Amino acid sequence: MCEISIIVPVYKVEKYLEKCVDSILAQTFTDFELILVDDGSPDRSGAMCDEYAQKDSRVRVIHKENGGLSSARNAGIDVAKGRYLGFVDSDDYIAADMYELLYQEITQSQADLAICGIYDVYEGKDPVTKSVIHKTVSADEALLLILQGNNISVHAVNKLYRRELFQNLRYPEGKYHEDSFVIVDLLEMCQKVAINSQQKYFYYHRLGSINTEKFSDKQFEFIEAWEINERKLKGKGQAIEAAAHQRVCFAKFMVLDKIFSANAEKQVPQTRSLIKDLRQNYFFILRDPIFTKNRKIAMTSLMFSRSLYKKFVLLQRQQLAS
């Protein structure tokens, strides 16, 4: 028995795995087990996992057939021995005191869930530092902050969970954006949520070339997740309902942007309906305080012309990639 089980799904990440695992093994909080789930990786990642297990007794390795991120996380949950669960993605890394901070927050406040902040890491760019929220809140207050998404994100990886939250819950296998499918169910089982949004998790964004980026219909599952969540949250009050609808609109923006970035609008028949849905929400988007000024300008351009909106999208992608 240990205090924390840290679960890392591993698939085709030999370039990134060492930095990820080393950052976990260097934690100032030491009472943990690290479960590396080799999800049928075709490169050296699985062998690297075994090498870590030979060097450090805290490391356990599961080798399984490829089933995707959710399947790997679920396999780790099934064998975890810790009182609390944490997740790290294998191409990311964490600050040395991340789990010390999360453990202090969850135990001192007797919460069900603790959350820290995330740095978004882009190649050649300095991560943006955000303002800090530090308080213990109800599940509904945490839900509103996560839906708004400015300081507290939906990601599974910047959190520490009381193990019992996963007694009857698993990540949906075969789904894209699996974190979005489970967040509402997780919070419904919480009484208290401890938030300290100091940025301790480094989320690495790998941006493909605009000319080579491909679009997959799996992206539409991002919209599906938030439409399901919006239905679940009916009757939760005006603020949460508005934030849930904002998330649906945001998901549609994200998918539409990916379609345009991949120059796939002629191949994706849903493009027209996405544009129509966003145009119907124009005044909601303009009034909503969560959408940025740039997003509202882009939305206004979409009201006039899809080609003008596409120019905004491609310019933004070029700025991120440069």
Side-chain angles (χ1 to χ4, degrees), residues 11-13 15-16 68-69 89-92 118-128 148-150 153-157 174-181 202-227 229 245-282 284-286 288 290-322:
Y11 181 75
K12 227 160 87 170
V13 284
K15 180 180 175 182
Y16 308 97
L69 180 64
D89 286 344
S90 52
D91 49 359
D92 300 331
I118 291 179
Y119 277 117
D120 288 298
V121 179
Y122 294 92
E123 201 77 44
K125 292 184 178 292
D126 292 330
V128 175
Q148 292 171 341
N150 285 339
S153 72
V154 71
H155 300 95
V157 291
K175 287 291 187 183
Y176 193 66
H177 287 286
E178 57 288 316
D179 300 348
S180 302
F181 279 94
F202 293 82
Y203 189 100
Y204 184 64
H205 295 262
R206 285 183 273 176
L207 287 174
S209 164
I210 290 172
N211 295 323
T212 60
E213 193 167 348
K214 296 206 170 27
F215 180 80
S216 166
D217 282 343
K218 294 288 286 180
Q219 297 284 351
F220 283 102
E221 292 176 3
F222 189 35
I223 298 172
E224 178 192 356
W226 287 107
E227 287 180 336
N229 288 335
H245 189 61
Q246 179 266 333
R247 270 288 178 167
V248 172
C249 292
F250 179 77
K252 290 179 179 179
F253 273 130
M254 293 302 97
V255 174
L256 184 62
D257 289 0
K258 287 178 183 294
I259 291 171
F260 282 139
S261 294
N263 291 308
E265 57 267 32
K266 293 180 180 178
Q267 291 78 47
V268 180
Q270 300 96 320
T271 303
R272 182 174 292 180
S273 63
L274 272 179
I275 293 171
K276 180 181 177 182
D277 289 348
L278 286 167
R279 284 174 172 169
Q280 287 175 342
N281 280 280
Y282 176 62
F284 171 84
I285 291 163
L286 245 57
D288 192 275
I290 302 302
F291 285 113
T292 64
K293 181 181 178 181
N294 282 345
R295 179 55 66 182
K296 291 175 182 179
I297 292 171
M299 179 65 233
T300 301
S301 75
L302 184 62
M303 296 298 290
F304 289 99
S305 160
R306 69 160 64 185
S307 60
L308 185 59
Y309 179 83
K310 182 176 180 178
K311 288 179 182 177
F312 271 98
V313 171
L314 296 182
L315 179 63
Q316 185 178 42
R317 295 291 291 179
Q318 287 169 344
Q319 288 172 345
L320 283 173
S322 62

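Each residue takes its place number in the sequence, starting with 1. Heavy-atom basis, side chains included; hydrogens, waters and symmetry copies ignored. Fair warning: this is a prediction, and the values are worked out from it, not measured in the lab.
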Is the number of heavy atoms from other residues, nucleotides or ligands within 6.0 Å of NZ (Lys296) greater than 12?
yes
Before giving the answer on side chain to side chain contact (heavy atoms under 4.5 Å, CB included), spell out for Ile297 and Phe312 the whole-Å C-alpha distance, their side-chain angles and the decisive distance to 0.1 Å.
CA-CA 9 Å; Ile297 292 171; Phe312 271 98; 3.7 Å; yes
Do side-chain atoms of Ser301 reach the backbone of Ala298 as a donor and acceptor pair under 3.5 angstrom?
yes
To the nearest 0.5 Å, how far apart are CZ in Phe220 and NE2 in His177?
12.0 Å
Do we see a donor-acceptor contact under 3.5 Å between the side chains of His245 and Asn281?
yes
Do Thr300 and Leu286 come within less than 4.5 Å of each other through their side chains, counting heavy atoms only?
yes
Looking at side-chain heavy atoms only, is the closest gap between Asp257 and Tyr309 below 4.5 Å?
yes
Flag side-chain contact, heavy atom, 4.5 Å: Phe253 against Met299
yes
Nearest-0.5 Å distance that lies between atom CD1 in Ile259 and atom OG1 in Thr271
4.0 Å
Non-hydrogen atoms of Leu278 and Ile285 that approach each other most closely:
O-CD1, 4.0 Å
With rounding to the nearest 0.5 Å, note down the distance linking CD in Glu227 to OG in Ser180.
12.5 Å
May I ask you to check whether over 12 heavy atoms, not counting those of Arg279, lie within 6.0 Å of atom CZ?
yes
Mind listing the closest non-hydrogen atom pair of Val255 and Gln219 along with its distance?
CG2-O, 3.4 Å
If you measure from CG on Leu274 to CE on Met254, what distance do you get to the nearest 0.5 Å?
11.5 Å
Phe222 vs Trp226 aromatic rings, parallel, tilted or perpendicular, using cut-offs 30° and 60°?
perpendicular
Calculate, to the nearest 0.5 Å, the distance between atoms CZ and CG belonging to Arg306 and Leu256 respectively.
8.5 Å
Going by heavy atoms in the side chains, are Phe291 and Cys249 under 4.5 Å from each other?
yes
Tell me, do Asp89 and Leu69 make a side-chain contact under 4.5 Å, heavy atoms counted?
yes
Tyr119: partners by ring-ring contact (aromatic ring centres under 6.0 Å, His included), with sequence neighbours left out:
Phe202
Minimal heavy-atom distance between Lys214 and Ala262, with the atoms involved, is C-CB, 3.9 Å
Over 12 non-hydrogen atoms of neighbours within 6.0 angstrom of NZ in Lys218
yes
Can you tell me how far CG of Asp120 sits from NE2 of His205, rounded to the nearest 0.5 angstrom?
3.5 Å
If the threshold is 4.0 Å, N to carboxylate O, is there a salt bridge linking Glu178 and Lys175?
no
Do the non-hydrogen side-chain atoms of Lys310 and Asn263 ever get within less than 4.5 Å of each other?
yes
State, yes or no, whether a side-chain contact exists between Asn229 and Arg247 at a heavy-atom distance under 4.5 Å.
no
Is there a side-chain contact between Glu224 and Tyr176 in this structure, where contact means two heavy atoms from C-beta onward sitting under 4.5 Å apart?
no
